[in-house]
Q: 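Got a structure for you, questions after.
A quick note: this is a predicted structure, and the numbers were derived from the prediction, not measured. Lettering follows sequence order; numbering is per chain, from 1.
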Amino acid sequence: MTEADLKAAIIECLAPIAPEADPARLDPEANIRESLDIDSYDFLQFLIALSRRLGIEVPEADYARLASMKGLLAYLGARLQFPEKN
Amino acid sequence: MNDRSLTYREAVREAIREALQRDPRVFLMGEDVGHYGGCFAVTRGLLEEFGPDRIRDTPLAESAFVGAGIGAALGGLRPIVEIMTCNFSLLAADQIMNTAATLLHMSGGQFNVPLVIRMATGGGKQLAAQHSHSLEGWYAHIPGLRILTPATITDARGMLGAALACPDPVLLFENQTLYNMEGTLPDPPPAVDLDSARIMRPGRHLSLLTYGASLWKCLAAAEQLATEGIEAEVVDLRTLRPLDDATLMDSVARTHRVLIVDEGWRSGGISAEISARIMEQRFYDLERPVARLCTAEVPIPYAQHLEEAALPQAGTIAATARTLVSTHD
Amino acid sequence: MIDFTMPSLGADMEAATLMAWKIAPGDTVHRGDVVAEVETDKGLIEIEVFHHGVVEELVAHIGQKLPVGAVLARLRETAPATTTPAPPAALPTTTPPAPVAAAPAPAPPADSPATSAASSTVPPAPAATHTRVSPLARKVAATLGIDLATVTGSGPGGAIERADVERAAAHAAAASASPQAADPASPATATTPAAAPDLSADHPDAATAMRRAIAAAVSKSNREIPHYHLATRIDMTRARAWLEAENARRPITDRLLPAAVLLAAVARALKDHPDLNAAWIGDSLVRRDAVHINFAIATRHGGLISPAVLDVQSKSVDAIMTALNDLIPRAKAGRLRSSELSEGTITVTSLGDLGVETVFGVIYPPQVALIGFGRLSEEPWAENGGLFVRPVIHATLAGDHRATDGRTGARFLESLNRLLQHPESL
């Protein structure tokens, strides 16, 4: 999976949660929860969608690393390259 | 601060005397206010104290001397005009309504008319129809006027000064049955406002909205009702124009039941206006239809028993109040 | 014959538009069944029926805008449910989703019109005549969700007055506690959000309408309720550790949000402080047995909607999370059920997601308290002469001072604190 594919997958998972926003135009450094107005419930739904889409379950302890698009790409990219055992 | 005892008449006289002492622009004119001392003896002694330039007896010509008062006010003076009873004010109705109340508007805001007219109102003294009517509610119809109905010693003492400070025409209605009423007044007398109604007795079961002499009848009725477990709130309107909607509506919102007591006639009177405002603003807080107790729609009779029957009394107020709180099974 | 009328879904609701019927004439309905969908300022709401009976006639038409109290349908009451609270067996506890429009099959013979005369052992309900109701009583009834047809008037000519409505409300509150506890939360999931259009999103005015509805509610609150506010800091070390441990061993779909723990703690604490789980009606406090917590949820249309998580007093933390998983997406999609909007007994608002430290809330009338939670953040914490860094949450209580005093609120917050120190027992 290329980084572009991964980004497309992330955007796909964000779409139903923030339908009126355009995640493609996100500042990669911005905190997505703030810029897309995502509450903790929706953030969990986003992670559930990601786990279904990518097969990666993010432990709660790692939530902080997923704050921005940049963080998401780095974290999920690394997990995809070196899959951990579930 | 010491309280002292005095009559309503003395309170009004003190207010006039203080106004004359404080402001050289103030003068008093009217029928028999000087040598005779006032038809209700309110102005007794003032001619001797202030002289004929400032205490002026006028001919029996209301239109002329009210008109003169308007001219004096326009010219920079602060006239107090006394009309013997409000019935005779009709002879000056053109001056009051077409001139005093309209000039500010018609001059595009150039000319205020700082005129104060005092008049006696109300029945109960066997003075017959032409001296006993209550026309304050009627005058409250007119934009441009401020209508005051002092019912307490404090207001009798305080309202005149506040009225003189008002840049526009003010009509003060002194109920003639109150002149002999005695009460206490703090010394120095407290300042009063001309905008607010006052809750004279709090209660939670119904609101008695009233003014003038009926205030004391309502308070007596409330006292009687309290012995029966009915807590009536008594509100003194104090000013009929402008009406203090906020205080009235707050009371309605608390009690949900209203009796308006008004010595004017029912049809088209101030009680009708208040009732309409309650419908407009507090309909959904009402438990019962708004009730009114007004003077019977007849010229006030001369005969004592008929006059008593024509006017609202403490007994009829209490009886009407009971029907508002009773339950039926 | 019973008139099934447009319920009030909150003090601020005046009217709603009928969008769909879930019943047809001849259907048998039970208390709690979803029978219709209406569109309000707060989105599409599923309306539940409060009687057992057979649908005689659908009076209102799809698309019709109807004021609160307007007759939607007429039901013929069936005998068993009339007076006593129905036994659990009569409730649709195990039945699948409430009867929907797709199943207009004639009801069992016993309920058919031909035999309805046989059920005339039931005292006939009074004919639908114009009832005299004072404006105040009408308003109070709408606020409390009381059907005026069930109220006996004591005023002139039998007019219904406030006291009559309050008596009926007290009866209803007493009677409703037990059958409701048996109500499953699951039927709510029966309707899929995809099946119906998301009207609130389609309506450009929806946000404005919701703003107006909120404006009306909070204005009433600030006008009529003398609030007192209390705040305390709660050490969340144990609660957070417990949550982390729980979530670490759960698949992501089963994870718990802190809100579930906080709601559980609030419900447990209310057990010891029932005066806060109540309504102020007229001049008196009416306690509620069931704890239905209005939980503030941000919608994507700029508003905040606070549907109730029902019967939290009898739900485990997991069950509360399940309820939230059901409720939150429906709230965001504008698809709530009438009971979720009208039966709340207390409100919890948690603005921690937005980074807010402390919430000073406005009570939702006629409730008498609102609990606020700020964000969970690390703060210096002095204890036993030492200074520590601890995860801390600021908990607040807005109380109706007519109903309770600060002492009650303070004791509640202390109970809340104590309960959150033992999250495993919640």
Side-chain angles (χ1 to χ4, degrees), chain A residues 6 9-26 29-68 71-72 75-76 78-80 83-86, chain C residues 193-194 198 200-202 204 206-207 240-263 295-305 309 320-321 323-333 349-356 373 375-376 378:
Chain A
L6 178 56
I10 292 170
I11 288 168
E12 202 178 294
C13 295
L14 279 172
I17 288 161
E20 75 287 355
D22 182 359
R25 294 179 181 225
L26 272 181
E29 307 273 350
N31 182 318
I32 56 162
R33 288 192 51 186
E34 283 170 16
S35 48
L36 300 181
D37 189 17
I38 297 176
D39 62 20
S40 54
Y41 176 82
D42 278 344
F43 190 68
L44 183 56
Q45 302 313 305
F46 168 59
L47 296 181
I48 290 172
L50 276 180
S51 76
R52 289 195 178 124
R53 181 79 176 69
L54 303 173
I56 296 175
E57 282 211 0
V58 182
E60 203 175 53
D62 289 346
Y63 283 5
R65 296 165 65 182
L66 307 178
S68 66
L72 279 160
Y75 179 88
L76 295 169
R79 289 277 305 269
L80 282 168
E84 292 156 333
K85 280 183 215 156
N86 268 339
Chain C
D198 179 356
S200 58
D202 289 347
R240 190 172 72 170
W242 180 81
L243 253 179
E244 280 172 0
E246 278 293 312
N247 283 340
R249 61 180 181 78
R250 286 164 182 254
I252 191 162
T253 46
D254 290 354
R255 279 184 200 164
L256 301 172
L257 288 171
V261 176
L262 295 175
L263 291 183
F295 181 64
I297 297 168
T299 69
R300 295 213 68 86
H301 317 299
L304 199 65
I305 191 161
V309 183
I320 294 169
M321 192 62 221
L324 287 175
N325 279 331
D326 164 48
L327 188 65
I328 295 174
R330 285 192 293 112
K332 287 176 189 264
T349 181
S350 164
L351 295 179
D353 274 348
L354 300 173
V356 165
F373 291 108
R375 69 167 188 265
L376 183 68
E378 299 202 320

Q: Show your working on side chain to side chain contact (heavy atoms under 4.5 Å, CB included) between A/Ile17 and C/Lys332 and close with a plain yes or no.
A: CA-CA 10 Å; A/Ile17 288 161; C/Lys332 287 176 189 264; over 6 Å; no
Q: Once rounded to the nearest 0.5 Å, what's the spacing between atom CD1 of C/Ile252 and atom CG of A/Leu44?
A: 6.0 Å
Q: How long is the span from the OG atom in A/Ser40 to the CD1 atom in C/Ile328, to the nearest 0.5 Å?
A: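 That separation rounds to 7.5 Å.
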Q: Look only at the side chain of A/Glu60 and the backbone of C/Asn247, and say whether a donor-acceptor pair between them is shorter than 3.5 Å.
A: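 No; judged by distance alone, with no hydrogens or angles, the pair does not exist.
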Q: Holding to side-chain contact (heavy atoms from CB on, under 4.5 Å), I want the full list of residues that pass it with C/Ala259, two or more places apart in sequence or in another chain.
A: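 C/Phe295, C/Leu324.
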Q: Go through the atoms of C/Pro258 and report whether side chain, backbone, both or neither lie under 4.5 Å from a heavy atom of chain A.
A: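 Neither the backbone nor the side chain of C/Pro258 comes within 4.5 Å of chain A.
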Q: Can you measure from OG1 (C/Thr253) to CD (A/Gln45) and round to the nearest 0.5 angstrom?
A: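 Separation between the atoms: 10.0 Å.
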Q: Which bit of A/Glu34 comes within less than 4.5 Å of chain C, counting heavy atoms only: side chain, backbone, both or neither?
A: neither
Q: Distance-only criterion, 3.5 Å: show the donor-acceptor pairs between side-chain atoms of residues 47-56 of chain A and protein atoms not counting sequence neighbours.
A:
unit_1  : atom_1 : unit_2  : atom_2 : d
A/Ser51 : OG     : A/Ile48 : O      : 2.7
A/Arg53 : NE     : A/Glu12 : OE2    : 3.1

Q: C/Leu257 versus chain A, heavy atoms under 4.5 Å apart: side chain, backbone, both or neither?
A: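 Interface part for C/Leu257: side chain.
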Q: Please walk me through it: do A/Tyr41 and C/Asn325 pass side chain to side chain contact (heavy atoms under 4.5 Å, CB included)?
A: CA-CA 8 Å; A/Tyr41 176 82; C/Asn325 279 331; 3.2 Å; yes
